[in-house]
Amino acid sequence: MMQPQIRNLIDISDTPAALKGKADMVLERARWAAQVFQRYDRDATMAIVDAVAQAAHEHAGRYAEWAVEETGFGVVAHKKLKNELTAHPLVEHYRDQDFVNVCVDEARKIVRIPRPAGVILALTPSTNPIATINYKILIALMTRNAMVISPHPAARACSVDAVQTLADAALAAGAPDGVIQVIADPSIALVEELMASPKTAVILATGGTAMVRSAYSSSTPAIGVGPGNAPVFVDATADIDKAAKRIVESKSFDNSALCTNESVLITLTEVDARLRNSFKQAGAYLCNDDDASRLRRYLFHDRGFNIESIGRDATWIAQECGIRVPTSTRILLAPITHIGVEEPLSREKLCPVLAYYVAKNRAQAISQARAVLRLAGAGHSAAIHALDERVAMAFAAAVEAYRVVVNVPCTQGAAGFATALAPTFTVGTGFFGRSSVGENIGPGHLIHWTQMAYNNDVAETFGNYHGLTQDFGGPLPQAPSDGVPGSNGYRGATAEQHAGSLPGVTRDELRRMIAEELRAVLRK
Amino acid sequence: MSQAKLEFLDRSRTFWNPGKTQDWQDMGIDLVIDRREGYYLYDMDGQRLIDLHLNGGTYNLGHRNPELVEALKAGSARFDMGNHHFPALARTALAEALAACAPAPDMVYTAYGSGGGEAIDIAIKTARHATQKRKIVSIIKAYHGHTGLALKTGDDRFSKLFLSEDTQGEFIQVPFNDLNAMEDALRGRDVAAVLMETIPATYGFPMPKEGYLPAVKSLCERYDALYIADEVQTGLMRCGEMWACTKYDIEPDIMVTGKGIGGGLYPIACTCIAERCGGWLKEDGFGHISTGGGAELGCIVAMKTLEIVQRPEVRSMVSFISDYMRAGLEKIMAEYSDFFIGIRQHGVVMGLEFNHEQGAKPVMKHLYHNGVWAIFSTLDPRVLQFKPGLLMTQADCEEVLRRVEIGVGLAREELMGSLRRSA
Ligand SMILES: Cc1ncc(COP(=O)(O)O)c(C=O)c1O
C-alpha cells in the first residue's frame with residue numbers, strides 16, 4: 001500500500017517568521033524548564049549534576065573519537081582526557097560551593113539569595129566541542145539554569161549527539177524536561193534570532209571573534225571571550241630543561257586546539273643555545289629559515305589562519321609544508337626575528353607550531369610580549385618560566401593578560417587543569433579583550449544574588465535567618481489525565497498546599513514549632 | 001464604556017444579532033474584541049484580556065500565530081480556495097499529513113468540511129453509508145455543531161427552536177459514563193455509529209471514567225456500530241498527545257477535527273475515515289459536495305498547524321503548562337474550598353467546578369474585569385471552561401493564576417453573600 005508522505009507545498013522555513021517561531025519555541029520551553037528547576041533544592045540539583053558528569057565521563061572516549069573524526073582537529077587521547085576533566089573533576093572543583101541555598105552574613109547583616117540567570121544560550125566551538133559542552137552544561141546545572149546549545153557547524157553531529165546524551169541523563173536524574181536542548185540545525189540566521197530574543201537571559205559565547213562580537217551586539221547580556229595568542233617568556237632564571245619539557249607538553253596537548261596554548265616564545269640571548277638544546281631533547285623540531293618560510297606560507301593565507309592545520313600533528317603539518325622532520329617530532333619551533341604585523345607567525349596558531357624569538361634583555365622581552373598581545377589575544381593568557389619572582393611580577397604586571405601562569409604548561413595551566421585557576425573552557429578576556437568577564441568562567445558567573453541588607457545602625461538588630469531557606473517546591477507534581485487508567489487523582493495537592501501555607505519553613509523548623517506549642521499546652 | 005462602543009453595540013443589535021449582543025451585556029460582559037495577538041485579546045476600548053477560551057482550541061497556537069500567517073500569505077501567492085471537484089494538490093497533501101498522524105493505522109481518507117458541524121455531518125453520512133443503518137447514538141448534552149445532522153445529536157434547546165429536532169427516532173441520546181444505557185441503545189444492532197466527544201467540552205469537560213471509552217468502543221464492535229471520535233476540541237495536543245482518543249486507547253473508525261486545525265486563520269474541518277468505512281468515496285465520490293470544504297488555503301494553514309503541534313517543544317510545554325496551572329489552581333481551590341470545589345483536567349483541557357448551579361458565570365465576569373477571558377460551559381454553568389493555549393509562556397500562566405485568585409474570590413463574595421441572605 002502507498003504510504004502517506006509529508007509533502008511541504010509551501011516552504012516558509014527560511015522566513016523571519018519561521019526562524020523566530022522556531023527560536024521562540026525552543027527558548028520558551030527552556031524558560032519553563034528553568035522556572036521549574038529553580039524549585040529544586042541542593043541535593044536534587046547535585047544529584048542531577050553528578051548523573052550528568054557520570055554520563056559525560058562514560059562517553060568521553062566515544063565522543064573524543066567522533067569529534068576528531070568529524071572535525072579533523074586534535075588528538076583522540078587528549079580529547080578524551082579533556083572530556084573526562086570536564087566531567088567529575090569539574091564538579092569536584094565546585095563541590096563545596098553552594099549556588100542553591102541562601103547565604104547569611106551575620107557580620108554585615110546581609111542575606112544573599114541565589115537567582116539563576118534562567119535561559120543560557122551557549123555557543124560551542126569546533127576545536128573543543130565535547131569538553132566545552134560538558135563544561136557548559138555542568139556549570140548551568142550546578143546553578144539551576146536551563147541551557148540551549150548551538151554547536152559549531154563543523155562539529156555539529158558529535159555535538160548534537162553529546163548534548164542529547166547529557167540531556168537524557170539529566171532528565172533521567174529528575175531534571176525538568178527541556179532543561180538542556182540543542183539546536184540541531186544551527187544556521188546563522190537562527191542563531192542570530194536566538195541571540196536577539198528577550199527570552200535568552202545571557203549568551204555564553206566561545207568561538208570565533210565574529211561570533212563573539214555578534215553575541216555582544218545582539219543587545220542580550222553576553223559573556224563572550226576573545227581569541228588567545230599567548231606569549232611565553234623563558235627567563236634566564238628558569239629551569240631550562242623543565243621549561244622546554246613543559247612547553248612541548250603544552251603545545252602538543254591536543255595539538256594546540258585549546259586557545260590557552262603558547263603561541264610565541266620569547267627568550268634571552270644568554271639562554272638561547274641551552275634552550276634550543278633542551279627543546280630538541282624534549283621532542284621539538286627546530287626549523288631553519290627556509291622551513292620557517294614554508295610554515296609561514298602554509299599557515300597564513302591572505303584570508304587568515306589556515307584552519308586545515310588546526311589541531312593537526314606536527315609531523316602532518318611538516319609533511320604538508322614539505323619539511324623533513326623525525327617521526328618522533330611533537331612540535332615545530334619556528335624562529336622569528338620580528339613580532340607584529342609584519343610577521344604572521346607572531347599571530348595565534350591553534351596547532352603545534354611555536355614561534356621562537358630571542359630578545360636582547362628582559363625589558364625588550366617584556367615589551368615584545370606586550371606586542372604579541374597587542375597583535376591578538378588581548379586579555380587572554382601568558383606564561384612565564386622563571387625562578388626569580390621579581391621577574392615574574394614585572395612580566396605579569398606588564399602583559400595585558402588576565403592569567404599569567406608560572407612554570408607550568410600554559411594550555412593546561414591557564415585553563416585551570418594544572419593550576420588552582422577555575423577549570424574552564426571559556427577563558428574570560430575581560431576589558432583588554434573586549435569581554436565582560438576577565439576570569440575563567442565558572443558557575444558563579446551564571447547566577448546573580450538578591451541581597452537583603454539591614455540597617456547599619458547597631459541599634460537595629462539583624463534577623464534570625466538560621467535554618468531558613470527559600471521555598472523549594474521540587475519538581476512540579478504531574479497533572480492528572482482524568483479517566484486515563486493509572487493517572488487518576490492528583491498527588492500534588494497536599495504538597496502544594498503545604499508549601500503554600502507555610503512558605504520557607506523547613507521540616508525541622510516545623511517540628512520545632514510543633515514541639516514548642518505542645519510544651520506550652522502541657523505547661524498550662 | 002466609550003461612546004464609540006455604545007454606538008457599535010447598537011449597530012450590532014440592529015444589524016447582526018440583537019439577542020446575542022444583549023445577552024452578553026446582561027451578563028456583565030461588554031467585550032468587543034478588536035486587536036488580537038498571541039494569547040491576548042484587546043477590547044475595542046483597549047482592555048487587554050488573556051484568552052483562555054480560545055474558541056475551543058481554535059487559537060491553540062495563539063491569535064495570528066506568525067508562522068501560520070506567513071504560511072497563509074505565502075500560500076496565497078500560489079493557491080486560492082481551489083476547485084472542489086478536482087484532484088487538488090493541497091487537499092491531498094493535507095489528507096496525507098493527517099493520515100500520517102491519524103489515531104488509527106487504516107485511517108487513510110480525509111473528507112473536508114468548512115466547519116466542524118459539516119465535518120460531523122460527513123462523519124454521520126459516512127457511517128450510515130458504511131453500515132446501511134440510520135441510528136446515531138450521542139451523549140446527552142453533547143455538542144457537535146449546528147448543521148443539519150450534527151444539530152440533531154445535541155441538546156434540543158438548539159433544534160426545537162428551529163423545529164429541527166429529530167422526529168424519526170433516529171437520534172438517541174444516552175448519559176455520559178453510563179455503559180448500561182449505551183449497551184441498551186446499541187443492543188438492537190440498528191445503530192450506525194456512536195458519536196463521542198472524547199471529553200464533552202460544552203458540557204463542562206466531565207471526564208470519562210476509567211475504562212468507559214474503551215468499553216464503548218467494544219460495545220460498538222459487538223453491536224456492529226462505528227465509533228466516531230469528535231476531536232474538534234480535544235485534539236491537536238491539547239491532552240498532551242495529538243489526539244485525546246489515543247490516550248484512552250481508542251482507535252476510532254472515523255475522526256473529526258476542526259477549530260484549531262485552521263489555526264484560527266482559515267476555517268477548515270476534516271473527517272478522517274478508515275479505508276473500510278469510506279465506501280461512498282469509491283461508489284460516488286461526488287456524494288458530498290462543499291465548495292468551501294477543504295479550501296486549499298485552509299489546507300496550507302492546516303499543514304503548518306500539524307507540523308507545529310507535532311514539534312517536541314510543544315509536547316514539553318503542554319506538560320509544563322498543565323502541571324503548573326494545576327499546582328496553582330490547587331492553591332486557589334484550597335483558599336476558596338467552599339466555593340471552588342473541583343478541577344477536571346486532561347492536559348490543557350480543564351474545567352473548574354463551582355459550588356453553585358450558575359457559579360461559573362460570576363467567575364467569568366470577575367475574571368473578565370481582571371483581564372482574563374474564560375467562558376462558562378453553556379450546558380453546565382457550574383463549570384468554567386479553562387483552556388490555556390499550547391504555547392503559553394510561564395509569565396502569562398503566572399499572570400492568569402494571579403488574576404484567577406482575585407476573580408474567584410470576588411465571585412465567591414458575590415454569590416456566597418447572596419446565599420447567606422437567602423438562607
Ligand atoms: C466538540 C465540537 N464538535 C463540533 C463543533 C462544531 O464546530 P463548528 O462550530 O466549526 O461547526 C464544536 C464547536 O463548538 C465542538 O466544540
At a heavy-atom separation under 4.5 Å, does A:Ala30 approach chain B through its side chain, its backbone, both, or neither? neither
What part of B:Leu94 gets within 4.5 angstrom of chain A, counting heavy atoms only: side chain, backbone, both, or neither? neither
All heavy atoms of A:Pro4 vs all of B:Glu96, minimum pair found to be CB-O, 3.4 Å
Neighbour count >12 (heavy atoms, 6.0 Å) for atom CZ, A:Arg115: no
Quick one: of A:Asn8, A:Thr15, A:Leu9, A:Asp24, who has the most non-hydrogen atom pairs under 4.5 Å with chain B? A:Leu9
Residue A:Arg31 versus chain B: region with a heavy atom under 4.5 Å: neither
Between OH of B:Tyr324 and CG of A:Leu476, what distance do you get to the nearest 0.5 Å? 8.5 Å
What is the distance from atom CD of A:Glu28 to atom CE of B:Met317, rounded to the nearest 0.5 Å? 6.0 Å
Whether the side chain of B:Glu210 engages the backbone of A:Pro485 through a donor-acceptor N/O pair (distance < 3.5 Å, no angle test) should be reported. no
Is any side-chain heavy atom of B:Glu313 less than 4.5 Å from a side-chain heavy atom of A:Lys22? yes
When rounded to the nearest 0.5 Å, the distance separating CE of B:Met303 from CD1 of A:Ile10 is 8.0 Å
Please flag which part of B:Thr92 lies under 4.5 Å from any non-hydrogen atom of chain A: side chain, backbone, both or neither. both
Check whether any side-chain heavy atom of B:His346 sits under 4.5 Å from a side-chain heavy atom of A:Val484, and report yes or no. yes
Looking at B:Ala97, B:Ser316, B:Ser322, B:Cys239, which makes the most heavy-atom pairs under 4.5 Å with chain A? B:Ser316
Taking C-beta and beyond as the side chain, do B:Glu307 and A:Ile6 meet within less than 4.5 Å on heavy atoms? no
Atom NZ of A:Lys20 with >12 non-hydrogen neighbours under 6.0 angstrom: no
Interatomic distance, A:Gln35 atom CD to B:Cys397 atom SG [nearest 0.5 angstrom]: 10.5 Å
Check: B:Val318 main-chain N/O paired with A:Trp32 side-chain donor or acceptor under 3.5 Å: no
Can you tell which part of B:Val349 gets under 4.5 Å to a heavy atom of chain A, answering side chain, backbone, both or neither? neither
Residue from B:Met325, B:Glu335, B:Lys304 scoring the most non-hydrogen pairs under 4.5 Å with chain A is B:Lys304
Which heavy atom of B:Ala74 sits nearest to which heavy atom of A:Ile12, and what is that distance? CB-CG2, 3.8 Å
Give, for atom CD of B:Glu67 and atom CE of A:Met25, the distance between the pair rounded to the nearest 0.5 Å. 6.0 Å
For B:Gln345, is there any backbone N or O sitting under 3.5 Å from a side-chain donor or acceptor partner on A:Asp482? yes
Given heavy-atom pairs under 4.5 angstrom as the criterion, report whether the side chain, backbone, both or neither of A:Gln181 touches chain B. side chain
Got a second to check how far A:Leu27's CG is from B:Thr393's OG1, nearest 0.5 Å? 13.0 Å
Per-residue tally against chain A (heavy atom, under 4.5 Å) across B:Ile308, B:Ile300, B:Asn65 peaks at B:Ile300
Within 45 degrees of the ring normal and closer than 6.0 Å to the centroid, is that where the cationic atom of B:Arg326 sits relative to A:Tyr490? yes
Below 4.5 Å from any heavy atom of chain B, which atoms of A:Val26 appear? Answer side chain, backbone, both or neither. both
Side chain, backbone, both or neither: which part of B:Phe79 has a heavy atom under 4.5 Å from chain A? side chain
